[in-house]
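Down below is the structure, laid out as structure tokens.
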Amino acid sequence: MVRVWFNHWFSTSYRLISLMKQDEEEELYVIGTNLEPHSIIQKVCDEWYAEPRLDGEEYIDYCTAFCKEHNIDVFVPRRNMAEISKNIQRFHDIKVKVMVDDYDMIKLLGDKADTYAFFKDCAQIYIPDYYKVNTAAAFEQAYEALKSKYRQVCVKFVKDEGGMSFRKITQCADRFQRLRVYQGSEILYDEYIEILQSQESFDDLMVMPYLAGNEISVDCLNTEQGLIAIPRDKGAARHERVFYDEKLLDMVKAVMEKVKLEYPCNIQFKYMEDIPYLLEINTRMSGGLQMGCMAANVNIPNIAFNKLLGKSVMWKQQKKELFVSYIEIPDIVK
């Protein structure tokens, strides 16, 4: 039996844990922890604990102590991945295998501006125009430069997860009309600049053209047998289209050859005028990975688990265009 710990993950990791448990040789005993004690994830875990609100060195102390107390063999982190990777030797010292990539690469890819700079000389990869700013005056200059070339401008913090800080800048003159429609991530230019001007400086912002096409999320894993890459066209609906475009897959291969990530990752692109531009690279399993795994008939979480154990699992990817969706099924947590 292999004792596996998932620290704080998003709710769809319920399916990721289920997939990882589908092993022909090993019995997985999964222990879950979460900042949200009532998370549905506990239903697929064999043990469940609330997680403390700690950061930095204190969190690493908590993690290593938890591993020793619960005899953890494999740690699959999502929360504080960079800090855990930075301190990977502390886990190795207590014989814990950690599904996390190299710290320097995680740190680089966690900064969107550094990521774009890293790929700027790659002819196969399209990078959108962008400016990195940390003052209101610099934002105004960047906005005007981009607005002269593109229909709409967007902005987000350089260090962001899940697009929480993403905003589309609009200059709609009819404010009353805006009350009739759902605003989503839109914000008026005057309102945004007023907020920025209230701060002397702030964390770096990325200012770039708004890419109006569909978002493509590609779930990837490097294996001895080759690269698994499953592109999902997310669109605006609940269903997603799994498809295989050779131009896009060539870009994915070029990205993966440069970053050399060993464990599951997610590469995001967005189209503008039929060109897929690189958005970001997440060094973890994505929230929608289970949808791609179903369509491609390949179990990335389990293959990655075995890779961490030093074992190679043979796989055959079904490369067929399919639409995949999901329904919400209520369940009593406890």
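Bear in mind that the values here come from a model prediction, so they are computed numbers and not experimental data.
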Assess whether a salt bridge exists between R238 and E328, defined as any Lys/Arg side-chain N lying under 4.0 Å from an Asp/Glu carboxylate O.
yes
Output all residues satisfying side chain to side chain donor-acceptor pair (under 3.5 Å) with R78, sequence neighbours left out; order by chain, then residue number.
E161
Charged N to carboxylate O under 4.0 angstrom, K307 versus E262?
yes
For residues Q268 and N266, is any side-chain donor paired with an opposing acceptor at under 3.5 Å?
yes
d(Q171 CD, Q152 CD) to nearest 0.5 Å is 10.0 Å
Donor on one side chain, acceptor on other, S286 and R232, under 3.5 Å:
yes
Might you confirm whether atom CE of M272 has over 12 heavy atoms from other residues, nucleotides or ligands at distances under 6.0 Å?
yes
Among L249, D219, D245, which residue meets the side-chain contact (heavy atoms from CB on, under 4.5 Å) test with P231?
L249
So, are E240 and K234 salt-bridged, with charged N and O less than 4.0 Å apart?
no
With clusters built from Ile, Leu, Val, Met, Phe, Trp and Tyr whose side-chain heavy atoms come within less than 4.5 Å, directly or transitively, what are the remaining members of the cluster of Y210, listed by chain and number?
F166
Less than 4.5 Å apart, side chain to side chain, heavy atoms only: is that true for V242 and F323?
no
Taking the side chain as every heavy atom from C-beta outward, state whether L19 and N302 have any atom pair closer than 4.5 Å.
no
Considering only NZ, NE, NH1 and NH2 on the basic side and carboxylate oxygens on the acidic side, decide whether D61 and R90 come within less than 4.0 Å.
yes
Looking at the rings of Y116 and Y130, which for Trp means the six-membered one, are their centres under 6.0 Å apart?
yes
Using the rule side-chain contact (heavy atoms from CB on, under 4.5 Å), only one of P264, C293, S18, S13 pairs with P301; which is it?
C293
I'd like a table of donor-acceptor pairs (distance under 3.5 Å, sequence neighbours excluded) in which one partner is a side-chain atom from residues 119-129, with atom names and distances.
residue : atom : partner : partner atom : Å
D129    : OD2  : K149    : NZ           : 2.9
D129    : OD2  : Y150    : OH           : 2.6

Please determine if K21 and E26 form a salt bridge, counting it only when a charged side-chain N lies under 4.0 Å from a carboxylate O.
no
In the hydrophobic cluster built from side-chain contacts under 4.5 Å, what are the other members alongside F91?
M1, W5, Y29, I31, Y49, L54, Y59, I60, Y62, F66, I72, F75, M81, I84, I88, I94, V96, V98, V100, I106
Would you compute the distance between atom CG of L205 and atom CZ of F139 and round it to the nearest 0.5 angstrom?
7.5 Å
Tell me if the aromatic rings of F157 and F202 count as close, with their centers under 6.0 Å from one another.
no
Go through T115 and E280 one step at a time and tell me if the side chain to side chain contact (heavy atoms under 4.5 Å, CB included) criterion holds.
CA-CA 8 Å; T115 300; E280 62 185 12; over 6 Å; no
Do E47 and R3 meet the salt-bridge criterion of a basic N to acidic O distance under 4.0 Å?
yes
By salt bridge (charged side-chain N to carboxylate O under 4.0 Å, His left out), which residues pair with R151, not counting sequence neighbours?
none
Within a strict 4.5 Å, meaning less than it, do heavy atoms of the C220 and V252 side chains meet?
yes
Would you verify whether the NZ or CZ of K43 falls within 45 degrees of the ring axis of Y14 while also being under 6.0 Å from that six-membered ring's centre?
no
Check the surroundings of atom CG in D274: do more than 12 heavy atoms from other residues, nucleotides or ligands lie under 6.0 Å from it?
no
Give me each pair satisfying ring pair (Phe, Tyr, Trp, His ring centres under 6.0 Å) with a member in residues 241-264, each pair once, sequence neighbours excluded.
none
Is it true that, when you exclude E24 itself, more than 12 heavy atoms of the residues, nucleotides or ligands shown sit nearer than 6.0 Å to its CD?
no
